[in-house]
Structures are given as structure tokens and as C-alpha cells.
Student: 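My questions will all concern the structure given below.
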Amino acid sequence: MIESLNINKTFGKIRVLKDISIKLENNSSVALLGPNASGKTTFIKSVLGIVLPESGTIKVNNTDIKNDVSYRSQIGYMPQIGRYPENMNIGQVFEMIMDMRKEQMNHADTDLLDAFNMKSIFQKRMGTLSGGTRQKVSACLAFLFHPKIIILDEPTAGLDPLSSEILKEKVRVEKNNGKLIIITSHILSELDELVSEIIFFKEGELMFHNKLEELQLQTGEKSISKVITTILKRNNE
């Protein structure tokens with residue numbers, strides 16, 4: 001569970017998060033949407049402890065994250081662009097991460113490692129990898145330690161269609177296992193079968209946070225792209 005209360009963040013003179021209060025429960029898959037520079041990434045980085053808000057509170061599983069880094073072990077994070085030591089090969093990257101988190105290695109989740117057949121390319125150096133293969137590395141690491149919360153930032157960017165479907169199926173499985181999954185994506189059509197809630201940011205403000213089913217009833221639309229378009233048109237009238 002993640003709960004934020006009146007989160008505010010500024011960069012220079014720009015207020016990028018404005019009194020953001022959100023509560024996300026386990027056993028749900030949430031789309032975090034909004035135009036560029038709407039505050040999505042800043043909110044995610046605030047939850048991860050990478051960005052420190054000027055005011056407000058963030059709790060992860062009822063624990064205030066301020067001055068506490070232990071909660072991070074409960075979160076699996078797949079960044080939009082994964083950055084790894086260029087001179088290391090894939091296998092060494094996994095060895096390094098596993099060594100850093102030995103206490104969580106009793107029951108590693110290797111489903112994606114196997115599905116992507118990653119072990120067959122463990123000797124490839126990170127500096128030589130395509131964007132799609134880097135995405136696969138990031139996806140495998142995000143799920144590796146059975147995290148209770150999984151945050152995926154543009155997860156299918158650069159993935160081929162088969163790999164994209166493999167990742168989406170993994171998301172469905174983990175949601176059914178009671179995890180909280182947060183996904184940001186500009187490819188709304190890929191979210192239709194994955195998410196149960198939608199959060200929409202605009203210019204640092206929370207515009208709405210509703211169950212997808214409720215929004216579909218309100219708009220008379222089924223696809224997320226048409227739901228969002230209909231709501232935005234109504235707000236601009």
C-alpha cells in the first residue's frame with residue numbers, strides 16, 4: 001500500500017507537485033497518466049526516495065518513508081531508461097544485484113529470466129545491448145525479489161511484440177497474487193487489459209483518481225484512450 005498526503009515539490013520556481021494526496025491499495029494495477037511534465041515521474045521518484053518533497057507525507061505499507069530506506073526492499077522498479085555499468089556483462093549485473101540483496105535470494109523470481117531466455121545472452125556486455133534488451137534486463141530485475149509493490153515506467157518501450165506480451169502476462173499474474181502495480185505509459189492501448197484504476201496528473205495537480213470501471217460508466221467508453229479523451233474534452237468545455 002502507498003499513501004501520499006499533501007505532497008508538494010518545486011524545482012526552482014516551478015511547482016511540479018501540488019498537494020498530491022493518493023491512496024493505493026494492494027491487489028490493484030494502477031495507470032499513472034498525464035501529459036509530459038505533469039508530475040508523474042517526480043511523484044514516482046518521491047515514492048522511491050530519489051526526490052525529497054518540501055512538504056507532505058508518504059507512507060509505504062503504513063510506514064513513513066522519511067529517514068527510512070528499508071522500505072525500498074519492498075518495491076521493484078523498472079525505469080524508463082535503465083542505466084548499468086557499460087563494461088559489465090548481463091550475468092555480472094545480475095550477480096552484483098543479487099549479492100547486494102542476499103537476504104532476499106532464497107526464492108528469487110526467475111520467471112522473466114526464463115521467458116526472455118536471458119541466460120543465453122549473459123555474456124553480452126551492457127554497452128552493446130539494444131534498447132529492447134536493456135528493457136528486458138530492467139524488467140527481470142524489477143520482479144526478481146518478489147516485491148510487494150512494482151513500479152513500471154514505460155515498460156514496453158522498445159520491446160518487440162512477443163516480449164511485450166510476456167511482460168504484460170507477468171503483470172497480470174502478479175496483480176492476481178495481490179501485488180500493487182503502478183504503470184506509466186503513453187501507449188494507452190496496452191493498458192486496457194492490465195489496469196483497474198487510473199490516476200491522471202496535469203501540471204502538477206491530481207485531476208482524478210478513479211476505478212476504471214467507474215470511468216467507463218461515466219463516459220460510456222471502454223478503451224482507456226477514449227475514456228481519457230472524453231473526460232478531457234468535458235473538462236475543456
Side-chain angles (χ1 to χ4, degrees), residues 1-3 24-30 32 41 43-51 58-85 88-122 124 126 129 132-159 163-185 194-195:
M1 184 267 284
I2 295 174
E3 184 175 11
L24 303 175
E25 301 286 357
N26 296 335
N27 194 32
S28 58
S29 182
V30 184
L32 177 56
T41 298
F43 178 75
I44 286 174
K45 289 184 176 181
S46 297
V47 170
L48 294 170
I50 300 171
V51 167
I58 298 176
K59 292 182 179 181
V60 173
N61 293 326
N62 297 313
T63 299
D64 190 334
I65 70 171
K66 191 177 294 184
N67 301 319
D68 180 7
V69 298
S70 62
Y71 78 96
R72 294 179 186 172
S73 64
Q74 303 175 52
I75 299 177
Y77 174 50
M78 180 182 177
Q80 182 175 357
I81 301 175
R83 303 192 185 282
Y84 306 96
M88 294 180 71
N89 63 40
I90 297 174
Q92 290 170 332
V93 169
F94 277 92
E95 287 177 9
M96 177 182 68
I97 300 298
M98 290 176 178
D99 189 58
M100 292 169 60
R101 300 177 67 170
K102 289 179 180 178
E103 72 282 358
Q104 295 176 276
M105 282 309 301
N106 289 335
H107 303 287
D109 183 346
T110 60
D111 286 353
L112 285 181
L113 271 171
D114 297 334
F116 289 149
N117 196 25
M118 293 297 289
K119 292 181 180 178
S120 67
I121 57 170
F122 261 17
K124 288 192 174 182
M126 298 302 300
L129 301 184
T133 303
R134 280 177 176 263
Q135 285 290 88
K136 292 178 184 179
V137 171
S138 295
C140 292
L141 290 173
F143 290 90
L144 189 61
F145 301 103
H146 293 281
K148 298 178 181 178
I149 299 167
I150 301 162
I151 301 175
L152 308 174
D153 191 359
E154 299 288 346
T156 60
L159 291 183
S163 298
S164 179
E165 286 302 317
I166 288 172
L167 179 55
K168 287 191 286 185
E169 180 57 29
K170 181 61 174 173
V171 169
R172 295 185 191 100
V173 168
E174 293 307 306
K175 175 181 175 292
N176 291 335
N177 285 337
K179 306 293 180 66
L180 166 57
I181 301 173
I182 303 171
I183 307 173
T184 72
S185 180
L194 295 181
V195 303

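Everything numeric in this text was worked out from a predicted model, so none of it was measured. Position 1 is the first residue of the sequence, and the numbers go up from there.
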Student: Working to the nearest 0.5 angstrom, can you tell me the gap between Leu152 CG and Ile183 CD1?
Tutor: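 Leu152 CG to Ile183 CD1: 5.5 Å, rounded to 0.5 Å.
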Student: Would you check if the side chain of Thr156 reaches a backbone N or O of Ser164 as a donor-acceptor pair within less than 3.5 Å?
Tutor: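 No; zero donor-acceptor contacts below 3.5 Å.
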Student: Test side chain to side chain contact (heavy atoms under 4.5 Å, CB included) on Lys136 and Ile121; report intermediate values, then the result.
Tutor: CA-CA 12 Å; Lys136 292 178 184 179; Ile121 57 170; over 6 Å; no
Student: Are any side-chain N or O atoms of Gln135 and backbone N or O atoms of Glu154, one a donor and one an acceptor, separated by less than 3.5 Å?
Tutor: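 Side chain of Gln135 to backbone of Glu154, a donor-acceptor pair under 3.5 Å: yes, one is there.
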Student: Hey, does Phe143 have a side-chain heavy atom less than 4.5 Å from the side chain of Leu167?
Tutor: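 Counting from C-beta outward, Leu167 and Phe143 do come under 4.5 Å.
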Student: Arg101 vs Leu144, test: side chain to side chain contact (heavy atoms under 4.5 Å, CB included). Steps then yes/no.
Tutor: CA-CA 10 Å; Arg101 300 177 67 170; Leu144 189 61; over 6 Å; no
Student: Show the nearest heavy-atom pair for residues Ile65 and Val47, with the distance to one decimal.
Tutor: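 Looks like CD1-O, 3.7 Å.
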Student: Taking all atoms of both residues into account, what is the closest heavy-atom pair of Phe116 and Cys140, and its distance?
Tutor: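 The answer is CD1-SG, 3.8 Å.
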Student: In this structure, which one of Ile151, Ile150, Val30 forms a side chain to side chain contact (heavy atoms under 4.5 Å, CB included) with Leu180?
Tutor: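 The side chain to side chain contact (heavy atoms under 4.5 Å, CB included) with Leu180 is passed solely by Val30 among Ile151, Ile150, Val30.
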Student: What distance do Tyr71 atom OH and Ile2 atom CD1 have between them, rounded to the nearest 0.5 Å?
Tutor: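 It is 9.0 Å, given to the nearest 0.5 Å.
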Student: Find out whether Ser46 and Val51 are in side-chain contact, i.e. whether some heavy atom of one side chain is under 4.5 Å from a heavy atom of the other.
Tutor: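 Yes. Closest side-chain heavy atoms under 4.5 Å.
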Student: Between Met1 and Asn26, which heavy-atom pair has the shortest distance, and what is it?
Tutor: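 That would be N-OD1, 2.8 Å.
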Student: Could you tell me whether the side chain of Arg134 and the main chain of Gly158 form a donor-acceptor pair under 3.5 Å?
Tutor: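 Side chain of Arg134 to backbone of Gly158, a donor-acceptor pair under 3.5 Å: no, none is there.
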Student: For Glu169, give me all partners under salt bridge (charged side-chain N to carboxylate O under 4.0 Å, His left out), at least two apart in sequence or on another chain.
Tutor: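 Expected list: Arg172.
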Student: If you count every heavy atom of other residues, nucleotides or ligands that lies below 6.0 Å from Lys168 atom NZ, does the total exceed 12?
Tutor: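 Counting neighbours around NZ of Lys168, more than 12 heavy atoms of other residues, nucleotides or ligands fall under 6.0 Å, so yes.
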Student: Which residue is it: Ile90, Leu112, Thr110? I am looking for the one with a side chain to side chain contact (heavy atoms under 4.5 Å, CB included) to Met118.
Tutor: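 Testing Met118 for a side chain to side chain contact (heavy atoms under 4.5 Å, CB included) against Ile90, Leu112, Thr110 leaves exactly one candidate, Ile90.
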Student: Just verifying a value: how many Å separate Asn27 CG and Asn176 CG, rounded to the nearest 0.5 Å?
Tutor: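 With rounding to 0.5 Å, CG (Asn27) is 7.5 Å from CG (Asn176).
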Student: What pair of heavy atoms forms the shortest contact from Gly82 to Ser138, and how long is it?
Tutor: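 So the minimum-distance heavy-atom pair works out to CA-OG, 3.8 Å.
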Student: Please report the interatomic distance CZ(Phe43) to CG(Leu48), rounded to the nearest 0.5 Å.
Tutor: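 Interatomic distance, Phe43 CZ to Leu48 CG, rounded to 0.5 Å: 10.0 Å.
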Student: Hey, are the side chains of Leu129 and Tyr84 touching, using non-hydrogen atoms and a 4.5 Å cut-off?
Tutor: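 Not in contact.
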Student: Using distance alone, with no hydrogens and no angle criterion, decide if Ser70 and Asp68 have a side-chain donor and acceptor under 3.5 Å apart.
Tutor: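 Yes, a side-chain donor-acceptor pair sits under 3.5 Å.
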Student: Could you measure the distance from the CE atom of Met98 to the CG atom of Leu141? Nearest 0.5 Å is fine.
Tutor: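 It is 8.0 Å, given to the nearest 0.5 Å.
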Student: CG of Asn62: more than 12 outside heavy atoms within 6.0 angstrom?
Tutor: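 No, the 6.0 Å shell around CG holds no more than 12 heavy atoms from other groups.
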Student: Report the distance from atom CD of Gln92 to atom CE of Met96, rounding to the nearest 0.5 Å.
Tutor: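 The distance works out to 9.5 Å.
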Student: Quick one: does Lys179's side chain have a donor or acceptor within less than 3.5 Å of a partner on Pro147's backbone?
Tutor: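 Yes, the answer is positive, given that a donor and an acceptor are paired below the 3.5 Å cut-off.
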Student: Answer yes or no: is there a side-chain heavy-atom contact under 4.5 Å between Thr133 and Lys124?
Tutor: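 The answer is no, as the side chains (C-beta and beyond) never meet within the 4.5 Å cut-off.
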Student: For residues Gly49 and Arg72, report the shortest heavy-atom separation together with the two atoms involved.
Tutor: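 What the structure gives for the nearest pair is O-NH2, 3.5 Å.
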